[in-house]
Enquirer: 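Got a structure for you, questions after.
Values below: every heavy atom of this structure, side chains too, minus hydrogens, waters and symmetry copies. In each ligand, atom 1 is the first atom listed, and ligand 1 is the first ligand listed.
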Amino acid sequence: MKLFRSLALALSVAVFVLPSHAQELDLIVRGGSLIDGSGAPAVRADIGIKADRIVFVGASKGHTAKRTIDANGLIVTPGFIDPHTHTADDLSSPARSRNDAYLMQGVTTVVTGNDGSSPKNIGDTLAKWTRQGIGTNAALFIGQGTVRSEVIGMTDAKPTPEQIGTMKALVDTAMNEGAIGLSTGLYYAPGSYSSTEEVIELARVAGQHGGLYDTHMRDESSYNIGLLASVKETIRIGEEAHLPVMISHIKALGADVWGQSADVIAIIDAARKRGVDVTASEYPYTASGTSVVAALVPRWAEADGKLVQNLHDPALHEKLIAEMTDNLRRRGGADSLLMTSSKDKSIVGKTLAQIATERKESPVDAAIEISANGDSSVASFNMKESDIEAFMRQPWVMTCSDGSAGHPRKYGTFPRKIHEYVYARHVITIEAAVHSSTQLTAETLRLKDRGLLKPGYFADVLVFDPKTYNERGTYEQPELLATGVRYLSVNGQMAIDNSALTTTLAGRPLSH
Ligand SMILES: [Zn+2]
């Protein structure tokens, strides 16, 4: 037995040492400033890649490779991981599946199906991505809103026990097919029609599979139960459904709750101290991206698909105007809503205030017209930098883009965080920024062997130039690709080479 053990040890040593010297590697990245994702300080080191894995990190002396990249003056990190995107359609579309907006930021893995809204069939979607090819790795949540509307439609009714059973079965199937957890959008219809207890029932199923709960909370502002009560609701769901919870795009939205980041942080820290696994993600912009309907129209007016009818119902008019007027105040007024994309092209690029002036009507009347006429995406300027910075400093806050049409965050979140909040304002260190975009996210999402530069891990590797790594998009022109990524390896294949996108689709669907 003893002999066997020492033989086994000798063999394992031999296996470990011999091939790494004897075999030719595919790639060596030499001389970069290496930030490994753990939060440890940058070191000057080389990294070796063979097939889809990292083989060594350290000195490359004695190793040979088919190709060597000189990373002098450049930063080398794990590929970034985005836990909240809206890329399901992009990834499924052969024309957009390379996921350019994310690759150009150095993102190698995206998660989608957030906000309670996901593809209905998780297994089919992941299979389609495998078949067609995708540029980044991608994982999926099953959306609670998707499940609910599948079973009972867009109603604000309370589901029967039997309907709850059907919803739970759908979540169970989705988890078996590879979903990483359950997402909710409790601010949006139909998620907003769900009680906490209803959500707990479904979250428990995801938890039984080892999944997590991701939420766009019921209220990030003062719309209904308020920001702090929403944080507490999320924590309660984690405690009673027994699963980790992630608060998506954490923020203090609107003047009524500005400064409440301190209270939110205290509540979350206390929950973490008593053992609840609570994390959050955040994007580094003062504007959120939403729509006129979502921002201003009360949810009761949307129920059962009767939006247009309700907007024009004289019996509801007074109540509607009163609530929309308050919602507009909460959002910072008509100057703070910028139309970013709509089927009515004449309003894009204008604020609600400008549109109202042009039409010689009140901003709320203009908003009702826009809502009845197909809605419009808006950039809603409603956050304070001090709250953004306070959240960013927390060790449990990840970077997310929440990328959507009409907002520069889809194209610039990751470089903006580093350019603006690390180098320009010194809010956090470069090591903390990288950690919040790599290992922290991989561990939270339970993505195996990703998020670190470490032997045995997947070769998702980013090489960027700190002098030029930045976003180019603006609110007026959001769809400009970021700059500064020199090289990007996705599972060991070059997705960006010498600053240019390649035709490689090296991403993989990551199932739970
Ligand atoms: Zn959201």
Side-chain angles (χ1 to χ4, degrees), residues 82-90 101-102 110-119 139-149 180-194 199 203 212-221 223-227 230-231 233-234 237 245-254 257 264 278-297 299 302 327 330-331 337 340-341 375-383 387-388 391 397-410 413 441 444-445 478:
D82 190 335
H84 187 132
T85 72
H86 296 279
T87 51
D89 289 345
D90 288 341
Y102 288 93
V110 298
V111 174
T112 187
N114 305 77
D115 291 334
S117 172
S118 72
L140 272 172
F141 281 108
I142 179 69
Q144 180 261 345
T146 302
V147 167
R148 193 182 207 269
S149 62
I180 60 167
L182 177 75
S183 78
T184 62
L186 300 184
Y187 173 68
Y188 300 108
S192 59
Y193 306 137
S194 313
V199 176
L212 77 152
Y213 173 77
D214 165 61
T215 184
H216 179 141
M217 296 191 296
R218 203 175 288 279
D219 195 355
E220 299 175 318
S221 183
Y223 275 93
N224 46 73
I225 63 173
L227 172 62
S230 294
V231 172
E233 180 186 36
T234 306
I237 291 166
V245 294
M246 174 167 81
I247 297 172
S248 267
H249 44 60
I250 198 165
K251 62 171 79 74
L253 189 164
V257 297
V264 171
V278 193
T279 54
S281 61
E282 181 194 41
Y283 53 78
Y285 295 87
T286 54
S288 64
T290 182
S291 76
V292 173
V293 172
L296 300 180
V297 175
R299 289 298 161 269
E302 276 185 88
N327 290 344
R330 181 174 278 123
R331 287 266 168 183
L337 292 180
T340 54
S341 105
D375 204 3
S376 172
S377 297
V378 289
S380 166
F381 293 84
N382 57 48
M383 281 169 260
D387 288 317
I388 292 174
F391 286 129
V397 172
M398 296 161 267
T399 316
C400 79
S401 69
D402 190 14
S404 56
H407 194 298
R409 65 194 182 185
K410 178 172 177 179
T413 286
T441 318
T444 303
L445 303 172

Enquirer: Has D402 got an N/O/S atom less than 2.8 Å from the Zn ion (ligand 1)?
Expert: no
Enquirer: With a distance cut-off below 6.0 Å to the six-membered ring centre and an angular limit of 45° from the axis, does R409 pair with Y283 as a cation-pi contact?
Expert: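 Because its charged atom sits under 6.0 Å from the ring centre and within 45° of the axis, R409 does stack over Y283.
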Enquirer: Testing the 3.5 Å rule here: is there a donor-acceptor pair between the side chains of S117 and Y188?
Expert: no
Enquirer: Find the distance between CG (D214) and CD1 (I142) and round it off to the nearest 0.5 Å.
Expert: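 If we round to the nearest 0.5 Å, D214:CG and I142:CD1 are 13.0 Å apart.
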Enquirer: Angle at the Zn ion (ligand 1) between NE2 of H249 and OD1 of D115, to 10°?
Expert: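 Computed angle, vertex at the Zn ion (ligand 1), rounded to 10 degrees: 110°.
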Enquirer: Take atom CG of D89 as the centre, draw a 6.0 Å sphere, and report whether it contains more than 12 heavy atoms from other residues, nucleotides or ligands.
Expert: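 Incorrect, the count does not exceed 12.
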Enquirer: Which is the closest N/O/S atom of H216 when seen from the Zn ion (ligand 1)?
Expert: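 Closest to the Zn ion (ligand 1) among those atoms: ND1.
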Enquirer: Restricting to N/O/S atoms, is H84 within less than 2.8 Å of the Zn ion (ligand 1) or not?
Expert: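 False for H84.
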